[in-house]
**Student:** 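My structure is below; once you've seen it, I'll send some questions.
Residue numbers start from 1 in every chain, and the chains themselves are labelled A, B, ... in the order their sequence lines are given, proteins ahead of strands.
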Amino acid sequence: MSPPPPLLEARDLCKAFGDHAVLQGVHLQVPRAQITCLLGRSGGGKSVLLKCLARLMPFDSGELHFDGCHLGNRESDLAAFRRRCGFLFQGNALLDSLTALENVCLPLEQTTALPANEIRARAQAALEQLELGAFWQRHPGELSGGMQKRLALARALVSEPELLLFDEPTAGLDPLRRNAVFEMIVEQQQRRGFTAFIVTHDIQEALTIAHQVALLDGGRIVYAGGPDGFAQSQEPALCAFRDSQQSLLAATQQLRQNNRTTQS
Amino acid sequence: MITSIGAVSIAAVRGLGAFLGFVLSSLRGFGRTRRVIPRLLRSTVEQGTRCLPVIVIVGGFTGLVLGLQGYHVLRRFGSEGLLGTLVSLSLVRELGPVLTALMLIGQAGSAIAAEIGIQRNSEQIAALQSMGIDTHGYLVAPRLISALWVYPLQTAVFVAVGLGGGWLSGSVLLGVEDGVYWNSVARAVQMADWRECGFKALVFAVLSLGICCFQGYHAHLIRGASGSRAVSAATTRAVVLSCVAVLAADYVITSLML
């Protein structure tokens with residue numbers, strides 16, 4: 001029996017802004033019910049690739065396959081894809097005129113024919129799961145950064161997507177909150193079994209939580225495989241990326257050491 | 001020279017086509033969204049209740065000035081008795097629909113353009129798309145549809161208050177007989193005038209609210225500006241373009257209906 005096809009597959013995806021080619025033939029497979037982390041330099045096109053995968057941004061050429069089927073431009077295909085796919089934006093993108101509960105109810109209200117009491121019950125359960133039950137009446141602006149992130153996750157999870165795309169979910173958070181967000185993603189992924197695709201800068205966390213790691217460099221995927229292979233590979237692009245991260249870590253530690261010496 | 005005229009003309013035709021497509025797609029998208037009543041009510045309050053005080057104030061003062069100016073002009077010809085005719089026809093045919101539309105653009109249209117622009121800027125529109133929600137139907141259509149009853153009703157309020165203002169300055173302050181004033185109002189305004197007034201209000205509603213929503217929705221495409229500057233530029237452009245469109249449409253409709 002042949003293994004099931006990857007849930008999402010990009011074939012030769014290209015995207016350019018004017019003369020600047022951001023994606024130059026991306027091939028990537030996102031396996032089912034696993035966590036895939038996409039790493040890459042800042043401004044290297046990670047978020048562009050993510051938005052192309054979510055069909056929020058048109059790409060110039062290439063193909064996307066979802067659940068083994070070609071994902072074309074037909075409205076019905078895109079609507080079916082969006083019912084099965086969630087997206088967590090870097091800035092959360094919560095509707096600021098709606099309360100926390102209304103934000104979570106929104107996807108169910110607009111895309112399903114469920115009765116109102118069922119929608120409310122599901123939304124409240126999602127809020128409870130992410131420890132936001134007491135804040136259902138608050139507007140997003142009245143919540144802390146971490147709570148907004150949890151609210152955005154609750155909204156993405158309430159429609160029970162098979163695929164959840166995360167755009168730098170820990171950007172701008174302190175290390176404690178960053179760990180909490182990653183733990184939350186892993187816990188929810190294990191509980192619900194969805195496929196997670198995470199764009200992140202955080203190499204350590206990516207290697208810890210991911211089943212598969214991909215590295216985008218020069219508009220192409222230069223590595224896609226297990227975290228062990230990523231840590232050990234001698235591929236020049238991987239070495240350069242790892243070295244840059246390690247020298248950043250070393251510089252940070254040196255700075256901390258210097259600060260401690262000055263204070264003492 | 002010819003090249004730049006051609007480029008401007010092509011850009012204008014493209015922009016017009018994009019605007020018409022936007023309005024049609026919004027109306028079509030309305031059928032694809034659910035639980036529409038709360039959004040329609042919210043838009044009605046946004047455009048109706050909030051703008052009512054300014055409509056009443058501007059309508060009142062417009063009527064007062066019309067009564068004052070009209071009285072002094074008509075007195076030269078010994079025709080003060082026609083003051084009601086002058087005030088009512090000016091309000092019903094021209095000033096009512098036009099000034100109401102301009103007030104609604106300033107009060108509600110600018111707010112709508114800014115709100116949608118901020119939603120675009122903060123990726124709220126992208127979030128709606130990612131959830132499979134028709135963004136035109138969800139964000140634009142309720143505002144356009146509620147404008148179809150808010151504009152005519154606000155115009156009616158403007159005309160009623162304006163007639164009162166004309167009576168106050170013409171009859172109460174300057175001495176034209178009450179009966180003469182109201183009788184000339186009743187005789188002057190025909191059903192065709194009310195039809196013209198209502199038709200103008202409907203056209204202005206679609207034009208001005210459509211332009212405001214269109215500019216806010218495409219705030220991210222404004223050249224040379226991004227973030228809050230793009231929202232500010234989109235709001236300014238929305239107000240200027242919709243005011244110009246209302247005045248141009250007023251001339252076209254008037255010349256066709258006279």
**Student:** Heavy-atom cut-off 4.5 Å, strictly under: side chain, backbone, both or neither for B:Leu128 against chain A?
**Tutor:** side chain

**Student:** In this structure, are over 12 heavy atoms from other groups packed under 6.0 Å from B:Tyr251 atom OH?
**Tutor:** no

**Student:** Minimum heavy-atom separation for B:Arg35 and A:Leu114, please, with both atom names.
**Tutor:** NH2-O, 3.2 Å

**Student:** Any idea which of A:Ala113, A:Ala54, A:Ser159, A:Ala156 has the most non-hydrogen atom pairs under 4.5 angstrom with chain B?
**Tutor:** A:Ala113

**Student:** For B:Arg34 versus A:Glu109, what's the shortest heavy-atom pair and its separation?
**Tutor:** CD-O, 3.1 Å

**Student:** Among A:Pro161, A:Ala116, A:Ala80, A:Ala152, which has the most heavy-atom pairs under 4.5 Å with chain B?
**Tutor:** A:Ala116

**Student:** Which of these, A:Thr111, A:Val158, A:Leu106, sits in a side-chain contact (heavy atoms from CB on, under 4.5 Å) with B:Met131?
**Tutor:** A:Leu106

**Student:** What distance do A:Arg55 atom CZ and B:Gln129 atom CD have between them, rounded to the nearest 0.5 Å?
**Tutor:** 12.0 Å

**Student:** Please tabulate, for the side chains in residues 202-216 of chain B, all donor-acceptor contacts under 3.5 angstrom to protein atoms that are two or more places apart in sequence or on a different chain.
**Tutor:**
unit_1, atom_1, unit_2, atom_2, d
B:Ser208, OG, B:Tyr151, OH, 2.7
B:Ser208, OG, B:Phe204, O, 2.6

**Student:** With sequence neighbours left out, write down each residue that passes salt bridge (charged side-chain N to carboxylate O under 4.0 Å, His left out) with A:Arg83, or none if nothing qualifies.
**Tutor:** none

**Student:** Side chain from CB out, backbone as N, CA, C, O: work out which of these in A:Leu98 comes under 4.5 Å of a heavy atom of chain B, or both, or neither.
**Tutor:** side chain

**Student:** Rounded to the nearest 0.5 Å, what's the gap from CG on A:Leu56 to CD on B:Glu123? Could you check?
**Tutor:** 8.5 Å

**Student:** Please name the pair of heavy atoms, one in B:Gln124 and one in A:Leu95, separated by the smallest distance, quoted to 0.1 Å.
**Tutor:** OE1-CA, 3.5 Å

**Student:** Looking only at heavy atoms, which two atoms of A:Arg155 and B:Ala127 are closest? And how far apart?
**Tutor:** NH2-CB, 3.7 Å

**Student:** Could you tell me which portion of A:Leu94 (side chain, backbone, both or neither) has an atom closer than 4.5 angstrom to a non-hydrogen atom of chain B?
**Tutor:** backbone

**Student:** Answer yes or no: are there more than 12 heavy-atom neighbours, outside A:Glu131 itself, under 6.0 Å from its atom CD?
**Tutor:** no

**Student:** Rounded to the nearest 0.5 Å, what separation is found between the OG atom of A:Ser97 and the CZ atom of B:Arg42?
**Tutor:** 5.0 Å

**Student:** CZ/A:Arg82 to CD1/B:Ile133 distance, rounded to the nearest 0.5 angstrom?
**Tutor:** 11.0 Å

**Student:** With a 4.5 angstrom heavy-atom cut-off, could you sort out which part of B:Ser122 is near chain A: side chain, backbone, both or neither?
**Tutor:** backbone

**Student:** Specify which of A:Leu88, A:Asn92, A:Thr112, A:Leu78 makes the most heavy-atom pairs with chain B at under 4.5 Å.
**Tutor:** A:Thr112

